[in-house]
Amino acid sequence: MAAVLLALTLAAPVLLVASGPVPDTNNGTVPLVLWHGMGDSCCNPLSMGSIKKMMEEEIPGIYVLSLMIGKNVVQDTENGFFLDVNTQVSMVCSQLAQDARLQGGYNAMGFSQGGQFLRAVAQRCPSPPMRTLISVGGQHQGVYGLPRCPGESSHICDMIREALNRGAYSDLVQKHLVQAQYWHDPLNDDLYKQHSLFLADINQERVVNETYRKNLQQLQKFVMVKFLQDTVVDPVDTEWFGFLKAGQAKETETLQESALYREDRLGLAAMDKAHKLVFLSTDGDHLQFSREWFTANLLPFLR
């Protein structure tokens with residue numbers, strides 16, 4: 001029941017529509033891969049299932065893959081909380097590589113944590129090629145707080161908060177709690193860099209992996225959507241790759257002000273100069289936006 005409540009909470013605000021064909025050499029469309037957020041699942045008829053169906057109706061012939069992490073919807077929802085993110089990314093990379101319909105390339109759209117997970121796919125698994133990545137409220141510099149975990153009254157959210165407060169960087173919590181793997185504590189920056197199993201790696205915090213840098217720059221566009229009234233993601237700047245300045249928990253910095261950008265450890269500065277980075281915003285709360293907004297602002301990147 002908790003999983004159902006979580007999915008419904010996340011699903012309700014999402015209103016999407018798509019129109020117009022996406023050119024491709026195979027069937028007239030570019031396939032679209034979707035990755036859901038925390039507390040949701042691939043096929044909830046009120047959220048990702050509805051998005052998939054709508055895309056198929058509005059873009060005749062499009063192949064939409066809404067990722068299921070596990071053998072069924074229950075596992076998919078639970079794995080969004082408890083399955084090691086690196087394992088999830090590896091599972092997705094394998095699935096994409098074996099899907100014949102994706103071999104010519106695909107576009108990707110990730111919701112909330114699904115946005116940063118798909119970025120890891122782009123960095124680690126360049127074949128088949130991801131063309132455009134749209135991150136809808138993704139936490140690309142992690143989070144430092146969980147103010148309104150989807151499913152506010154659920155025991156899962158209470159457990160997550162307690163575990164993160166006790167010790168996000170302990171081996172036990174890191175290995176068994178997804179949200180700990182993108183927990184970014186600016187007051188303990190060295191601890192974060194040493195013990196973060198996922199985020200510190202894909203953000204090049206320890207060493208610069210030139211393969212990650214090269215692969216990410218293969219994207220044609222990297223679109224980031226920020227929700228200006230977000231009450232779930234803290235700080236909200238992370239949705240545009242900004243974050244809190246190290247050593248304190250009040251003042252934030254933009255991506256362009258960060259060492260990540262100035263040293264260009266991920267190639268984001270080069271992508272910015274090449275006009276590949278797109279920063280969009282909407283006034284809604286987390287994952288809340290209108291069908292009209294989606295059509296006007298996101299659909300053009302799928303054409």
Side-chain angles (χ1 to χ4, degrees), residues 4-24 27-68 73 76-77 80 106-119 130-140 148 150-151 220-233 236 238-240 277-303:
V4 173
L5 290 174
L6 287 165
L8 289 174
T9 304
L10 250 186
V14 181
L15 299 174
L16 299 176
V17 70
S19 64
V22 183
D24 187 45
N27 64 354
T29 64
V30 173
L32 178 62
V33 174
L34 306 173
W35 198 332
H36 61 80
M38 174 177 68
D40 205 353
S41 69
C42 66
C43 312
N44 187 315
L46 298 177
S47 57
M48 303 308 294
S50 177
I51 294 168
K52 179 178 184 295
K53 180 179 179 181
M54 194 176 301
M55 295 294 288
E56 292 169 340
E57 291 174 349
E58 296 295 332
I59 307 179
I62 191 173
Y63 172 52
V64 181
L65 173 62
S66 186
L67 294 166
M68 177 186 288
V73 169
D76 188 21
T77 304
Y106 64 96
N107 295 321
M109 184 180 293
F111 296 85
S112 197
Q113 67 183 26
Q116 57 176 307
F117 297 171
L118 279 171
R119 175 167 63 85
M130 186 185 296
R131 299 187 183 183
T132 290
L133 171 59
I134 300 177
S135 168
V136 185
Q139 305 92 9
H140 293 283
R148 193 172 66 81
Q220 296 172 5
K221 293 289 183 183
F222 179 12
V223 182
M224 288 170 270
V225 178
K226 177 180 180 181
F227 293 89
L228 299 179
Q229 306 302 322
D230 204 314
T231 61
V232 174
V233 175
V236 69
T238 188
E239 297 176 355
W240 275 1
L277 300 186
V278 180
F279 302 91
L280 301 178
S281 65
T282 179
D283 286 331
D285 198 348
H286 194 57
L287 300 186
Q288 291 186 348
F289 52 94
S290 69
R291 304 170 76 157
E292 292 78 13
W293 187 91
F294 175 85
T295 302
N297 292 278
L298 298 187
L299 194 62
F301 296 104
L302 300 178
R303 291 195 175 98

Checklist entry - Could you go step by step and tell me if Y106 and R131 meet the side chain to side chain contact (heavy atoms under 4.5 Å, CB included) rule? => result CA-CA 6 Å; Y106 64 96; R131 299 187 183 183; over 6 Å; no
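- Here CD1 of I62 is found 10.0 Å from NZ of K52. Values are rounded to the nearest 0.5 Å.
- Just one residue in the list N107, L133, V278 forms a side chain to side chain contact (heavy atoms under 4.5 Å, CB included) with F301, and that residue is V278.
- The side chain to side chain contact (heavy atoms under 4.5 Å, CB included) test applied to D230 returns F227, V232, V233, V236, E239, D285, H286, not counting sequence neighbours.
- Closest non-hydrogen pair, C43 versus V73, comes out as CB-CG2, 4.3 Å.
- Between the CZ atom in R119 and the CH2 atom in W35 there is a gap of 12.5 Å [rounded to 0.5 Å].
- For the pair L302/I134, a side-chain contact is recorded, criterion being any heavy-atom separation below 4.5 Å from C-beta on.
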Item to check | side chain to side chain contact (heavy atoms under 4.5 Å, CB included) assessment of T238 paired with Q116 | outcome: CA-CA 10 Å; T238 188; Q116 57 176 307; over 6 Å; no
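- Closest of all the heavy-atom pairs between C42 and D76 is N-OD2, 2.7 Å.
- Atoms CE and CG, from M109 and L32 in turn, are 6.0 Å apart once rounded to the nearest 0.5 Å.
- Of the inter-residue distances, the one linking I51 atom CD1 with D40 atom CG reads 8.0 Å to the nearest 0.5 angstrom.
- M68 contributes atom CE, which lies 9.0 Å from atom OG1 of T77 (distance to the nearest 0.5 angstrom).
- If you check the side chains of H36 and N44, you find no donor sitting under 3.5 Å from an acceptor.
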Next on the checklist: Between S135 and H140, does the side chain to side chain donor-acceptor pair (under 3.5 Å) criterion hold? Intermediate values first, please.
Outcome noted: CA-CA 9 Å; S135 168; H140 293 283; 2.8 Å; yes
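- No option in T282, L280, V225 other than T282 meets the side chain to side chain contact (heavy atoms under 4.5 Å, CB included) test with F289.
- Judged purely by atom type and a 3.5 angstrom limit, T295 uses its side chain to pair as donor or acceptor with the backbone of R291.
- Taking CD of Q288 as the reference point, atom CH2 of W293 lies at 13.0 Å (rounded to 0.5 Å).
- Residue S112 comes nearest to L287 through the heavy atom pair N-CD2, 4.2 Å, listed as atom of the first residue, atom of the second, then distance.
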